[in-house]
Peer 1: 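Sharing a structure, written as C-alpha coordinates. Questions coming.
Each chain gets a letter, A, B and so on, in the order the sequences are listed, and its residues count up from 1. As a basis for the values below, the full set of heavy atoms in this structure was taken, side chains included, without hydrogen atoms, waters or symmetry mates.
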Amino acid sequence: MMALPDPETFNLLVWDIVRQVPEGQVTTFGQIASMIPAPEGVDSDGYSRLVPRWVGDAMNAVSWKDDKTIPWHRVINSRGMISLPPESQTAALQRARLRHEGIEFNGKEQVDFDRWGWEGPEMAWCDEMGLYMPKSLRSRPADGPQQMHLF
DNA sequence: CGTTTGACTACGC
DNA sequence: CGCGTAGCCAAAC
(Lines give C-alpha, C1' and ligand atoms only; values in the text may rest on other atoms or scores of the structure.)
Protein backbone atom coordinates (compact mmCIF):
# COMPACT_ATOMS: atom_id res chain seq x y z
CA MET A 1 0.00 0.00 0.00
CA MET A 2 1.02 3.59 0.19
CA ALA A 3 4.41 4.67 1.21
CA LEU A 4 4.59 6.91 4.23
CA PRO A 5 2.14 9.68 3.36
CA ASP A 6 2.54 13.34 4.06
CA PRO A 7 1.75 14.30 7.66
CA GLU A 8 -1.72 15.53 6.81
CA THR A 9 -2.76 12.26 5.20
CA PHE A 10 -1.06 10.32 7.95
CA ASN A 11 -3.15 12.10 10.56
CA LEU A 12 -6.36 11.35 8.68
CA LEU A 13 -5.46 7.67 8.64
CA VAL A 14 -4.64 7.59 12.34
CA TRP A 15 -7.90 9.31 13.17
CA ASP A 16 -9.80 6.75 11.09
CA ILE A 17 -8.21 3.99 13.12
CA VAL A 18 -8.97 5.68 16.43
CA ARG A 19 -12.62 5.94 15.40
CA GLN A 20 -12.71 2.12 15.42
CA VAL A 21 -11.88 1.84 19.12
CA PRO A 22 -15.08 0.89 20.94
CA GLU A 23 -16.36 2.67 24.00
CA GLY A 24 -14.98 1.20 27.19
CA GLN A 25 -11.71 0.07 25.61
CA VAL A 26 -8.27 1.59 25.19
CA THR A 27 -5.50 1.34 22.63
CA THR A 28 -1.89 2.53 22.56
CA PHE A 29 0.19 4.75 20.29
CA GLY A 30 2.34 1.76 19.48
CA GLN A 31 -0.58 -0.49 18.61
CA ILE A 32 -1.88 2.04 16.12
CA ALA A 33 1.57 2.58 14.66
CA SER A 34 1.99 -1.15 14.18
CA MET A 35 -1.04 -1.25 11.87
CA ILE A 36 0.35 1.21 9.37
CA PRO A 37 2.71 -0.10 6.70
CA ALA A 38 6.01 1.74 6.65
CA PRO A 39 7.97 2.21 3.44
CA GLU A 40 11.06 0.55 4.82
CA GLY A 41 9.16 -2.66 5.38
CA VAL A 42 8.16 -4.59 8.40
CA ASP A 43 9.73 -6.10 11.47
CA SER A 44 10.67 -9.71 11.72
CA ASP A 45 7.38 -10.32 13.45
CA GLY A 46 5.48 -8.81 10.55
CA TYR A 47 4.68 -5.39 11.95
CA SER A 48 5.76 -2.01 10.76
CA ARG A 49 8.19 0.05 12.74
CA LEU A 50 6.41 3.32 12.30
CA VAL A 51 7.37 5.84 14.88
CA PRO A 52 4.59 5.86 17.48
CA ARG A 53 5.57 9.40 18.35
CA TRP A 54 3.80 10.59 15.19
CA VAL A 55 0.63 9.00 16.45
CA GLY A 56 1.03 11.11 19.54
CA ASP A 57 1.34 14.18 17.35
CA ALA A 58 -1.88 13.22 15.58
CA MET A 59 -3.66 12.86 18.91
CA ASN A 60 -2.34 16.18 20.07
CA ALA A 61 -3.82 17.84 17.01
CA VAL A 62 -7.20 16.31 17.80
CA SER A 63 -7.46 17.06 21.48
CA TRP A 64 -6.62 20.63 20.62
CA LYS A 65 -9.71 21.04 18.49
CA ASP A 66 -11.53 18.29 20.43
CA ASP A 67 -13.15 16.72 17.37
CA LYS A 68 -16.17 14.91 18.79
CA THR A 69 -16.06 12.21 16.13
CA ILE A 70 -12.64 11.02 17.28
CA PRO A 71 -12.40 9.26 20.67
CA TRP A 72 -8.85 10.49 21.28
CA HIS A 73 -9.18 9.80 25.00
CA ARG A 74 -9.03 6.04 24.32
CA VAL A 75 -5.39 6.29 23.23
CA ILE A 76 -2.84 5.88 26.02
CA ASN A 77 0.81 4.82 26.23
CA SER A 78 2.32 1.35 26.37
CA ARG A 79 2.55 1.45 30.15
CA GLY A 80 -1.20 1.77 30.37
CA MET A 81 -1.06 5.35 31.53
CA ILE A 82 -2.40 8.65 30.30
CA SER A 83 0.47 10.27 28.49
CA LEU A 84 -0.37 13.91 29.08
CA PRO A 85 1.15 16.03 31.84
CA PRO A 86 -0.69 14.70 34.94
CA GLU A 87 -1.68 18.16 36.11
CA SER A 88 -3.00 19.35 32.77
CA GLN A 89 -6.65 20.08 32.13
CA THR A 90 -6.59 17.79 29.10
CA ALA A 91 -5.31 14.88 31.17
CA ALA A 92 -8.10 15.40 33.66
CA LEU A 93 -10.64 15.41 30.85
CA GLN A 94 -9.20 12.22 29.39
CA ARG A 95 -9.25 10.44 32.74
CA ALA A 96 -12.82 11.55 33.43
CA ARG A 97 -14.01 10.28 30.06
CA LEU A 98 -12.36 6.91 30.53
CA ARG A 99 -13.78 6.54 34.03
CA HIS A 100 -17.18 7.47 32.62
CA GLU A 101 -16.87 4.55 30.20
CA GLY A 102 -16.26 2.19 33.10
CA ILE A 103 -12.49 1.97 32.80
CA GLU A 104 -10.65 1.75 36.10
CA PHE A 105 -7.17 2.91 37.11
CA ASN A 106 -5.04 1.03 39.61
CA GLY A 107 -2.99 2.61 42.39
CA LYS A 108 -0.29 3.56 39.91
CA GLU A 109 -2.76 5.24 37.58
CA GLN A 110 -2.57 2.37 35.13
CA VAL A 111 -5.26 0.68 33.07
CA ASP A 112 -5.25 -3.13 32.94
CA PHE A 113 -4.90 -4.07 29.27
CA ASP A 114 -6.14 -7.57 29.99
CA ARG A 115 -9.50 -6.13 30.85
CA TRP A 116 -9.82 -2.99 28.72
CA GLY A 117 -7.19 -3.36 26.01
CA TRP A 118 -8.44 -3.23 22.43
CA GLU A 119 -7.92 -6.33 20.35
CA GLY A 120 -7.88 -4.39 17.10
CA PRO A 121 -10.42 -3.75 14.35
CA GLU A 122 -12.20 -6.41 12.33
CA MET A 123 -9.87 -8.13 9.95
CA ALA A 124 -12.13 -7.20 7.05
CA TRP A 125 -11.75 -3.54 7.92
CA CYS A 126 -7.98 -3.86 7.98
CA ASP A 127 -7.99 -5.55 4.59
CA GLU A 128 -10.21 -2.85 3.18
CA MET A 129 -7.93 -0.14 4.52
CA GLY A 130 -4.73 -1.94 3.57
CA LEU A 131 -3.55 -2.11 7.18
CA TYR A 132 -1.91 -4.77 9.30
CA MET A 133 -3.84 -6.48 12.04
CA PRO A 134 -2.37 -5.27 15.33
CA LYS A 135 -1.38 -7.55 18.14
CA SER A 136 -4.00 -7.73 20.82
CA LEU A 137 -3.18 -5.76 23.94
CA ARG A 138 -4.56 -8.59 26.04
CA SER A 139 -2.32 -11.36 27.26
CA ARG A 140 -5.18 -13.43 28.59
CA PRO A 141 -8.91 -13.54 27.90
CA ALA A 142 -10.63 -10.59 29.47
CA ASP A 143 -12.17 -11.48 32.77
CA GLY A 144 -15.16 -9.27 33.13
CA PRO A 145 -15.96 -7.34 36.28
CA GLN A 146 -17.60 -10.48 37.55
CA GLN A 147 -16.85 -13.71 35.81
CA MET A 148 -19.50 -16.22 35.10
CA HIS A 149 -19.57 -19.69 36.51
CA LEU A 150 -19.81 -22.60 34.14
CA PHE A 151 -21.60 -24.78 36.62
C1' DC B 1 19.78 27.07 9.66
C1' DG B 2 21.44 24.25 13.96
C1' DT B 3 19.04 22.95 18.37
C1' DT B 4 15.60 21.41 21.19
C1' DT B 5 11.57 19.11 22.16
C1' DG B 6 7.96 16.00 22.06
C1' DA B 7 0.38 12.44 24.14
C1' DC B 8 6.56 7.10 22.31
C1' DT B 9 8.99 2.57 22.70
C1' DA B 10 12.21 -1.04 23.31
C1' DC B 11 16.05 -2.37 25.81
C1' DG B 12 19.60 -2.56 29.26
C1' DC B 13 21.19 -2.01 33.93
C1' DC C 1 10.39 -3.85 38.56
C1' DG C 2 11.93 1.11 38.15
C1' DC C 3 14.77 4.47 35.87
C1' DG C 4 17.93 6.08 32.22
C1' DT C 5 19.07 6.02 27.34
C1' DA C 6 19.16 5.58 22.43
C1' DG C 7 16.56 5.94 18.24
C1' DC C 8 12.74 8.08 15.67
C1' DC C 9 11.37 12.35 12.55
C1' DA C 10 8.67 16.49 12.29
C1' DA C 11 7.90 21.02 14.17
C1' DA C 12 8.73 24.61 16.86
C1' DC C 13 12.41 27.71 18.51
Peer 1: Would you mind reading off the distance between A:R79 atom CZ and B:dC8 atom P, rounded to a whole angstrom?
Peer 2: 9 Å
Peer 1: If I take atom CD1 in residue A:I70 and atom C1' in nucleotide B:dA7, what distance separates them, rounded to the nearest angstrom?
Peer 2: 14 Å
Peer 1: When the distance from CG of A:N77 to P of B:dA7 is rounded to whole Å, what number comes out?
Peer 2: 12 Å
Peer 1: Just verifying a value: how many Å separate A:I76 CD1 and A:T28 OG1, rounded to the nearest 0.5 Å?
Peer 2: 8.0 Å
Peer 1: Roughly how many Å is it from CD1 in A:I32 to P in B:dC8, rounded to a whole number?
Peer 2: 13 Å
Peer 1: Taking A:E109 first and then A:R95, would you say they form a salt bridge - that is, a charged N and a carboxylate O separated by under 4.0 Å?
Peer 2: yes
Peer 1: Taking only Lys NZ, Arg NE, NH1 and NH2, and the carboxylate oxygens of Asp or Glu, determine whether A:R19 and A:D16 approach each other closer than 4.0 Å.
Peer 2: yes
Peer 1: Without decimals, in angstroms, what is the distance between A:N11 CG and C:dA10 P?
Peer 2: 12 Å
Peer 1: Between the main-chain N or O of A:S139 and the side-chain N or O of A:D114, is there a donor-acceptor pair closer than 3.5 Å?
Peer 2: yes
Peer 1: What integer distance in Å separates A:F29:CZ from B:dA7:P?
Peer 2: 9 Å
Peer 1: In this structure, how many angstroms lie between the C1' atom of C:dC3 and the CE atom of A:M81, rounded?
Peer 2: 13 Å
Peer 1: What donor-acceptor contacts under 3.5 angstrom involve side-chain atoms of residues 117-130 of chain A, with partners at least two apart or in another chain?
Peer 2:
unit_1	atom_1	unit_2	atom_2	d
A:W118	NE1	A:G120	O	3.4
A:E119	OE1	A:S136	OG	3.4
A:E119	OE2	A:R138	NH1	3.2

Peer 1: Check every strand shown and say whether A:V55 touches a base, only sugar-phosphate, or nothing at a heavy-atom separation below 4.0 Å.
Peer 2: nothing
Peer 1: With rounding to the nearest 0.5 Å, note down the distance linking CG in A:L131 to CG in A:L13.
Peer 2: 5.5 Å
Peer 1: Taking only side-chain nitrogens and oxygens of A:S83, does any of them come within less than 4.0 Å of OP1 or OP2 of B:dC8?
Peer 2: yes
Peer 1: Given atom CG of A:N60 and atom P of C:dA10, what is their separation to the nearest angstrom?
Peer 2: 17 Å
Peer 1: Between A:R74 (side chain) and A:V21 (backbone), is there a donor-acceptor pair under 3.5 Å?
Peer 2: yes
Peer 1: Are there any protein N/O atoms within less than 3.5 Å of an N/O atom in nucleotides 4-7 of chain C, and if so, which ones and at what distance?
Peer 2:
unit_1	atom_1	unit_2	atom_2	d
C:dG7	O6	A:R53	NH2	3.4

Peer 1: Would you say A:K108 reaches C:dC1's phosphate, i.e. side-chain N/O to OP1/OP2 under 4.0 Å?
Peer 2: no
Peer 1: Pick the nucleotide of DNA chain C nearest each of A:D57 and A:Q110; which residue has the one closer to the 5' end?
Peer 2: A:Q110
